[in-house]
Amino acid sequence: MAVSDPLLTGARVVVTGHDDKGVSVFQSDTVHEPFLPFGPNKSSVCAFDARESVPVNNLEPPLDLRGKIQRVSSTGVIFSMVTIAPQRSSPLHRTVSMDYCIVMSGELVLGLDGGDERTLKTGDFLVQCGANHIWHNRTDEVCRVAVIQVGSEKIKLPSGELLGEAIVRK
């Protein structure tokens, strides 16, 4: 793949903080490199910031998720970007989190395990409440989605069954 390949393009992240006197400063201005957990030409994930618990301590550094599939703790939060290649799909999966998603570019079809689908386009927002879902990029363009995952409790069905994390490979 070429260096200009969107799946391999990192994201610039500027982080602010405070000096010892409480004056606001820029702590870092770096490019976060993507991780390709499912191999080349499929999708990439770029984690910008991850914390074990909320409320956060703004003086502590974030967790390092470079080269790892991100999993938010039940009390934590992760801010990341997912890039899905054209004509590709994710595995069917569920996370134990509340996910706030913003489609930054491109178009995705969000499929649920019951068979329903909705198309999300650039500028659309999604609040995902632990649903078992699959992402389809059925276009010829890369799709980028900013994601904020907030740890949640497992979903408890009226039968008492708990729905935890799941990945179903087809």
Side-chain angles (χ1 to χ4, degrees), residues 1 4-13 32-52 54 62-63 65-159 161-170:
M1 284 191 234
S4 63
D5 186 323
L7 291 177
L8 298 177
T9 303
R12 180 179 177 212
V13 179
H32 289 238
E33 297 301 326
F35 171 54
L36 286 80
F38 304 110
N41 303 315
K42 293 186 180 179
S43 65
S44 64
V45 179
C46 191
F48 307 137
D49 195 87
R51 306 299 171 129
E52 276 295 323
V54 175
L63 300 171
L65 295 179
R66 288 178 293 187
K68 300 175 186 170
I69 292 181
Q70 53 194 35
R71 295 288 181 256
V72 66
S73 71
S74 63
T75 59
V77 62
I78 298 175
F79 180 33
S80 63
M81 178 177 62
V82 176
T83 303
I84 300 178
Q87 304 300 324
R88 296 292 183 172
S89 298
S90 72
L92 180 66
H93 64 286
R94 175 180 40 247
T95 57
V96 182
S97 59
M98 169 82 73
D99 300 344
Y100 301 101
C101 307
I102 305 153
V103 180
M104 297 170 45
S105 66
E107 177 179 304
L108 275 181
V109 176
L110 171 63
L112 303 181
D113 60 2
D116 288 344
E117 293 185 344
R118 294 286 189 280
T119 299
L120 302 170
K121 298 181 179 186
T122 300
D124 285 347
F125 296 81
L126 168 67
V127 178
Q128 180 120 274
C129 304
N132 206 13
H133 65 285
I134 188 169
W135 297 109
H136 301 287
N137 182 349
R138 295 178 177 152
T139 74
D140 293 326
E141 302 295 324
V142 165
C143 182
R144 285 191 152 183
V145 181
V147 180
I148 300 164
Q149 292 181 289
V150 180
S152 70
E153 297 175 359
K154 291 181 179 179
I155 296 167
K156 186 174 183 179
L157 300 178
S159 67
E161 179 184 358
L162 293 176
L163 299 180
E165 182 175 280
I167 296 179
V168 179
R169 299 202 188 271
K170 290 186 174 181

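The NE2 atom of H32 sits 10.5 Å away from atom CE of M81, with the distance rounded to the nearest 0.5 Å. Rounded to the nearest 0.5 angstrom, C129 SG and Y100 OH are separated by 7.5 Å. The CZ atom of R144 sits 14.5 Å away from atom CD1 of I102, with the distance rounded to the nearest 0.5 Å. Expressed to the nearest 0.5 Å, how far CZ of F35 lies from SG of C46 amounts to 12.0 Å. Note: L157 CG to L162 CG = 8.0 Å, rounded to the nearest 0.5 Å.
Within a 6.0 Å radius of CD in E141, no more than 12 heavy atoms belonging to other residues, nucleotides or ligands are found.
For the pair A11 and F48, the tightest heavy-atom approach, listed with the atom from each and the gap, is CB-CE2, 3.4 Å. When all heavy atoms are compared, the tightest approach of Q149 to S97 is NE2-OG, 3.7 Å. Nearest heavy-atom pair, P37 versus S43, reported as atom, atom and distance to 0.1 Å: CD-O, 4.1 Å. Shown here for A131 and L112, the closest heavy-atom pair between the two residues is CB-CD2, 4.2 Å. A pairwise comparison of heavy atoms in C143 and L108 identifies SG-CG, 3.4 Å as the closest pair.
For H133, the ring-ring contact (aromatic ring centres under 6.0 Å, His included) criterion is met by H93, W135, not counting sequence neighbours. Partners of R51 under the salt bridge (Lys or Arg N to Asp or Glu O under 4.0 Å) rule, at least two apart in sequence or in another chain, are D49. Looking at residues two or more places apart in sequence or on another chain, you find no salt bridge (Lys or Arg N to Asp or Glu O under 4.0 Å) involving R118.
A heavy-atom distance below 4.5 Å is not found between the side chains of V150 and V54. Taking the side chain as every heavy atom from C-beta outward, V127 and M98 approach each other to under 4.5 Å.
Sorted by first then second residue, the salt bridge (charged side-chain N to carboxylate O under 4.0 Å, His left out) pairs that include residues 71-82, not counting sequence neighbours, are R71-E165. Sorted by first and then second residue, the salt bridge (charged side-chain N to carboxylate O under 4.0 Å, His left out) pairs involving residues 93-111 (not counting sequence neighbours) form an empty list.
A donor-acceptor pair is defined here as one N or O able to donate and one able to accept, closer than 3.5 Å; such a pair exists between the side chain of N137 and the backbone of I84. Between the side chain of T122 and the backbone N or O of G106 there is at least one donor-acceptor pair closer than 3.5 Å.
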List the atom pairs, donor and acceptor, that lie under 3.5 Å between side-chain atoms in residues 72-79 and the rest of the protein, sequence neighbours left out.
unit_1 : atom_1 : unit_2 : atom_2 : d
S73    : OG     : E52    : O      : 2.8
S73    : OG     : G76    : N      : 3.0
T75    : OG1    : E52    : O      : 2.8

